[in-house]
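Inspection log for the structure reproduced underneath, given as structure tokens.
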Amino acid sequence: MKISVNYSGDYSAIVTAEIKHKIQMIHHGIYTKTAIGADYLGWVDWPSSLRQEWLKELHETANDIREKSNVLVVIGIGGSYLGSKAVLEALSKNFQPFNKLEVIFAGHQVSGSYLKQLMQYLDSKEVTINVISKSGTTTEPAIASRFLIQYMEKRYGEQASSRIIVTTDENKGALRSLAIEKGYKRLIVPEDIGGRYSVFTAVGLLPIAAAGYDIEEFINGAKMAEQDLRTLDIENNSTIQYALIRKHLYDSGYPVEILATFDNKLKYVQEWWKQLFGESEGKDGKGIFPTSVLYSTDLHSLGQYIQDGKRMLFETFLLVEKVDEDLTLYKLDQNGDELNYLSGISLHEFNHVCYEATSIAHHRGGVPQIAISIDQLDERHLGHLLYFFMMSCAYSAYLLDINPFDQPGVEEYKMNIFKFLKKPGYC
Ligand code: PA5
């Protein structure tokens, strides 16, 4: 399995002696766990260090959820929900939003009507909830938890605690204390793995396993990436290539990256990617602003700007080579819609032509291009892809001399909320 990265410019021109040296230093810092933010480098070798017994226990929890319930409500925000949401959306069939179990997300925004309607919807279902917060103190999921835990207690009485699972830090946080007090099952977010790097921990794996997808294959994909991307071969290591091209474009006056896809199932992979890169890189007045488009939809909304607007954008296409289902256009005797010229072309082939046409047009319009291709959308390829992005994001932030693993800028709005609402200790 290989992720290929293609660049519209000359990659070899980017790889100067100075850049080679910098990459060697970063590589050393990551793999010896001595780089800035080293306390949060636990994700680097996490996939290969997962133990069978741990996975067995996770499967038992997932099976237990499915035996008791037909809906799992996952409460979390940012890295505590986007990883599993991305994988579930990528693997689910359109119009059939669940596989073996329905998974609904809450706590990722604050809306009274969303929560009210969710609780009404849950009335006719059997429910388990999984509250996920590494810090155990994030306000938005805590608000949703308060309502949903009350709902569970009213509905299931003493049995409620066997239907509430908490994924949080091993040693600290209000959520941990609550789980211990009420006897909820606790899963641990490893201390050295931050939210946006946590998709291969219980944070991402439990919802994916409960929904009935193959987490072993997902982890295998990540393990392969862990192995393949370890090499210091700057010419061929795709994760280094992607980071270096991004950095080169940023330095050349392109501070905005658009992740473009033709596959609607990748929408939440795009959202996960935006959080990963935005929160990891956007610090100290630096960093590429990550945004995303879904084509063809956005060719008819943002396409004009991308082709012709202010020149500050570069475009990274995320392409899937093979699809498992497709339709082929056929000839009609009456060519009323004038589409007979497309007969014999599958919709996947059409999208590929659309990609080439768009890429050439945007490149001519002054938008540099990167193309990242994976073979197909399944658990293994997704595991590989997400690990690839995580590693590339670390390289990217280190190339800007930034700690990829903190998010000091997110604190300011939180402090203001606490002040405005007079949280004890903050007024
Ligand atoms: O990547 C991160 O660390 C953040 O996006 C967190 O995941 C997010 O803020 C939620 O934090 P917590 O899991 O502590 O509730």
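Atoms within a ligand are numbered from 1 in the order they appear, just like the ligands themselves. Quantities reported herein were computed from a predicted structural model and do not represent experimental measurements.
A donor-acceptor pair under 3.5 Å is absent between the side-chain atoms of Asp169 and the main chain of Ser135, judged by distance alone. At distances below 3.5 Å, at least one donor-acceptor pair connects side-chain atoms of Ser49 with backbone N or O atoms of Trp46.
A 4.5 Å side-chain heavy-atom check between His362 and Gln307 finds at least one atom pair inside the cut-off. For the pair Lys85/Trp272, no side-chain contact is recorded, criterion being any heavy-atom separation below 4.5 Å from C-beta on.
Relative to the ring axis of Tyr426, Lys419 does not place its NZ or CZ within 45° and under 6.0 Å from the centre.
Closer than 4.0 angstrom to ligand 1 sit non-hydrogen atoms from Ile77, Gly78, Gly79, Ser80, Ser133, Lys134, Ser135, Thr138, Gly195, Arg196, Gln275, Glu279, Gln407.
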Could you walk me through whether Asp123 and Tyr151 pass the side chain to side chain donor-acceptor pair (under 3.5 Å) check?
CA-CA 10 Å; Asp123 279 342; Tyr151 170 87; 2.9 Å; yes
